[in-house]
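Values reported hereafter were calculated over all heavy atoms of this structure, with side chains retained and with hydrogens, waters and symmetry mates removed. Just so it is clear: chains get the letters A, B, ... in the order the sequence lines come, proteins before strands, and each one is counted from 1.
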Amino acid sequence: MQSKTEQTETQYINRIVGIILATGMYVTIGLYAAGLILALIEDSRIPSTAHQYFPSISVFISSLTHLDARTFLYLGTLSLILTPVSRVFISIFAFWKEHDFKYVGVTSVVFVIILISVIIGSVFKIAIG
Amino acid sequence: MFLLFLSLFLVAIFAGFFGALVGIGGGIVIVPVLTLVFHMPIHHAIAASIVSVIATSIAGALSYVDQQITNVRLGMFLEIATTGGALIGAFVGVMMQGWVLSLIFGALIMFMAVVSYRSRETDDKMIAADSFKTGGVDKISRKLDLQGEYHDEAANREVSYHATRAIEGGLVSSLAGIGSGLLGIGGGVIKVAAMNSMMNVPMKVSVATSKFMIGVTAATSAIVYLLAGAVNLYIVGPVALGTMLGATIGSNVMNKLHSKVIKIIFFVIMIYLGFSMLANGLRSGAGIKFPTIL
């Protein structure tokens, strides 16, 4: 059976996780909605290179100020992906604060695996025929 | 473009709703529909699906009911296996030919439909018999404190449980991760099976915890697909928004239904989509034609 303190710890972690997820979801919805509306205003066709969009930071900032649809959709996708990732990252500290070092370890391993996926994706490019 | 956005959005609402009901990310509906109805390259479909799977997972995990049922520690532990699998799956998926992916997709979802159908009767009976807390607990489950308690609305009582067979559950969950990366599905079905059938965790806890894990698992795969250049932003946008909306509605209905009803609906749709994907793979890979509705 769980003791009273363990119950509170679990609730504390649940609350932090809930706040992260809610924020991430609303930011994503806003960015996607903006991107789709801009796309409808901009043009009636999907650019053929829509899936090969890797902007540099300077291009990124200038396309944001020019209200480029793709940039907003890209940011929406990024914020969506980063939401669960930041949940993992912050959970490491939440477990640390609760002195649950077993789960600091468990969560850190998950975070390292996510970092490896950044390397794999950057190295291997897809060829869709 | 407005009509395309609208139809993608509507399809995604359905997929998200259905996905939330059975604890999958909705990818199992999105990938076949994008390839069979919208005629998209399967790699684009998989990438769009995996991104929207994250959306489903977030929307689902936000519901108050889910937060009460989810076992965060159990989820964190199994995430090691699922993200590891997702990494491998996404790498292989990016490299693999489309028609092979289509065949694997079809075979896998038909298999999972059967597995899930066979365990159809047990959950309601096990709650009644209180057998979720009596199973033998292994060393790892005890060390990592993999146990908990939740309020079951359908049975109208508190159900407490102790997880068991942590290693086996982890191994099966890594398959779910591979499925996520390779095929763009949440892999929830496999995770739910691992927790419910193997680790002796109640169905509703398994579904909620699976949804909790799906976000991180899918994010790992999505990072690979996005950076490798398979995410079509104009498809992902409406699909992700639609799944979020559908999943939010679905999660609110989930705890009010008996798991038996959920599993039967799930079985029928899975068998049908599995058959269509197999037919699609055989057509583009080997030129063999099957009669299909889609």
Neighbour count >12 (heavy atoms, 6.0 Å) for atom CZ, A/Phe89: no

Could you work out, with side chain to side chain donor-acceptor pair (under 3.5 Å) as the rule, every residue matching A/Thr28, not counting sequence neighbours? A/Ser79

Which atom of A/Ile120 lies closest to which atom of B/Phe91, heavy atoms considered: CG2-CD1, 3.9 Å

For B/Arg73 and A/Tyr103, the nearest pair of non-hydrogen atoms, with its separation, is O-CE2, 3.3 Å

Check whether A/Val109 gets within reach of chain B through its side chain, its backbone, both or neither, counting any heavy atom under 4.5 Å. side chain

Is the number of heavy atoms from other residues, nucleotides or ligands within 6.0 Å of CZ (A/Phe101) greater than 12? yes

Under the side chain to side chain donor-acceptor pair (under 3.5 Å) test, which residues partner A/Thr77, sequence neighbours left out? A/Tyr32

Once you round to the nearest 0.5 Å, how far does CE of A/Met25 lie from CD1 of B/Ile54? 14.0 Å

So, for B/Gly84 and A/Ile113, which heavy atoms are closest and what is the spacing to 0.1 Å? N-CG2, 3.8 Å

Could you check if a side-chain atom of B/Leu233 sits within less than 4.5 angstrom of a side-chain atom of A/Phe72, using non-hydrogen atoms only? no

For each of B/Ile50, B/Leu144, B/Thr217, tally heavy-atom pairs with chain A at distances under 4.5 Å, and name the one with the top tally. B/Leu144

Looking only at B/Ile223, B/Val51, B/Val236, most heavy-atom pairs under 4.5 Å shared with chain A are made by B/Ile223

What is the distance from atom CZ of B/Phe5 to atom CG of A/Leu36, rounded to the nearest 0.5 Å? 5.0 Å

CA sep, side-chain torsions, deciding dist, call: A/Ile114, B/Leu87, side chain to side chain contact (heavy atoms under 4.5 Å, CB included): CA-CA 8 Å; A/Ile114 295 170; B/Leu87 191 62; over 6 Å; no

I'd like to check B/Met244 versus A/Ile29 (side-chain heavy atoms, cut-off strictly below 4.5 Å). Are they in contact? yes

Considering all heavy atoms, the nearest B/Val216-A/Arg87 contact: CG2-NH2, 3.2 Å

Residue part contacting chain B, namely of A/Ser122, when any heavy atom lies under 4.5 Å: both

Test: B/Asp145 and A/Lys102 ion pair at under 4.0 Å: no

For each of A/Ile81, A/Ile116, A/Ile119, A/Leu31, tally heavy-atom pairs with chain B at distances under 4.5 Å, and name the one with the top tally. A/Ile81

Could you give me the CA-CA distance, side-chain angles and deciding distance for A/Thr107 and B/Glu79, then say whether side chain to side chain contact (heavy atoms under 4.5 Å, CB included) is met? CA-CA 8 Å; A/Thr107 315; B/Glu79 269 172 13; over 6 Å; no

Looking only at heavy atoms and a cut-off of under 4.5 Å, which of A/Val118, A/Val85, A/Leu80, A/Ile20 has the most pairs with chain B? A/Leu80

